[in-house]
Amino acid sequence: MSRRILFVDDEQAILSGLRRSLRSMRNEWEMTFAQSGEEAAAHLEDSDFDVIVTDMRMPGMDGVELLTRVKRDQPQIVRIVLSGHTDRASIMKATGVAHQYLAKPTDADELVGAIKRTGRLEHLLAERRVIEAAGGLGALPPMPALYGEVAAELGSDDPSLNKVARIVARDPGMAAKVVQIVNSSFFGMRTRVTSPEQAVTMLGIDTVVGLIVSDPFQEPTTPGGEDSRWLAGLATGTLAREIAKLEGLDKQAIDDAYLAGLLHDCGRTIMALRFPSDLDAVEAEPQTGSVLESERAIFGASHPEIGALILGVWGLPSTVLEAVAFHHHPGESGGSSFGPLTAVHAASAIVSSEFGDHPTLIDEAHLEAVGKFDHLGAWQAAYEPPEELTA
Ligand SMILES: [Fe+2]
């Protein structure tokens with residue numbers, strides 16, 4: 001089935017340019033072009049779309065108002081902003097309602113790539129309520145204690161960017177948010193950054209304040225069991241980074257391994273946040289099959305799939321998505337060389353044998369296939385429990 005994409009811009013020339021440059025996608029996408037927010041709203045009432053790409057400043061209904069309606073009424077639609085206005089105020093307005101932010105002018109390849117990365121939605125058999133819940137989520141809620149530490153530091157007379165960066169890097173929600181923003185073309189940085197600390201340093205104090213402290217979509221409330229999930233994520237990210245270093249991966253892959261480890265179980269957080277009683281049912285089930293099978297029976301999708309889905313919608317890099325999507329069964333990824341995925345898988349197995357809310361079992365055939373099975377002992381020896389556990 002072809003994907004249905006709605007493009008909205010008040011400038012006819014921009015729409016014509018998009019129509020021309022996206023001609024090669026005609027067989028894959030059904031494309032609709034609207035010249036105002038009102039016209040787009042009428043299209044949205046008449047037909048189903050998978051993705052909306054809209055300008056921000058338009059006379060009448062502007063991009064923020066349009067996306068606010070889409071988020072409320074059809075949260076399953078992926079919302080992308082394509083704007084010529086990249087001032088801080090515009091960015092802040094868009095972050096609460098859009099999944100991704102692109103700056104004009106954008107080339108066709110970048111736009112096609114951004115839309116394609118969100119393509120996991122319709123391939124998943126997840127129940128519609130799960131896809132809607134994931135699509136409606138602008139960010140993962142920060143851990144209250146870490147959010148408090150960041151807010152206190154940012155509110156002090158002389159806030160230290162390095163200190164803020166170190167705290168943000170320990171929190172899955174805040175880390176995902178800063179990495180998402182720094183990689184969006186809004187900031188015109190063409191390098192891929194997956195280190196949350198580096199992202200905070202690049203964004204600067206003012207933007208971080210706007211993103212984290214004044215964002216009403218990041219309520220610092222967390223679902224039950226989140227403390228242990230957070231600790232397991234932090235320990236997994238930290239160990240995955242150590243394993244990547246031990247194996248001599250480059251800085252980018254080491255950063256990818258940490259971020260993917262920190263976020264690897266974020267699908268469970270989404271389940272706990274939106275469907276707590278269903279997650280209780282998964283946990284109560286006698287483990288005759290695997291955790292993932294129980295999740296698929298109840299949600300239509302497992303937590304690695306739901307986690308990768310939301311991170312893809314947010315536009316995070318594909319290496320991170322892959323490591324999250326296959327952290328339980330890396331052999332299913334089709335990859336045959338060692339990289340962040342194997343590091344995250346092994347770290348998750350080592351950490352979850354000590355604590356956490358579900359086990360990851362070592363995929364021995366995969367470790368053999370990437371030629372690292374005999375390294376497992378060294379990786380286990382590199383594990384240090386997070387200080388919160390030992391304190
Ligand atoms: Fe998991």
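Small disclaimer: the values here were computed from a predicted structure and weren't measured. Whatever order the structure lists ligands and atoms in, that order sets their numbers, starting from 1.
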Would you say the side-chain atoms of H345 pair up with the backbone N or O of T342, donor to acceptor, closer than 3.5 Å?
->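 No, because the side chain of H345 does not come within donor-acceptor range (under 3.5 Å) of the backbone of T342.
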Quick one: do the D256 and T194 side chains pair a donor with an acceptor below 3.5 Å?
->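 Yes.
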Parallel, tilted or perpendicular: rings of W29 and F7 (30°, 60°) |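 The arrangement is tilted - the two ring planes meet at 30° to 60°.
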Angular separation of H328 NE2 and H358 NE2 about the Fe ion (ligand 1), given to 10° |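 So the angle at the metal works out to 90°.
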Can you name the N/O/S atom of H327 that is nearest the Fe ion (ligand 1)?
->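 In H327, the N, O or S atom with the shortest distance to the Fe ion (ligand 1) is NE2.
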Name, closest N/O/S atom of D265 to the Fe ion (ligand 1) |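 Going through the N, O and S atoms of D265 one by one, OD1 ends up nearest to the Fe ion (ligand 1).
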Between F49 and Q74, is a side-chain contact (heavy atoms from CB on, under 4.5 Å) present by the stated rule, with each step listed?
-> CA-CA 9 Å; F49 290 94; Q74 295 158 293; over 6 Å; no
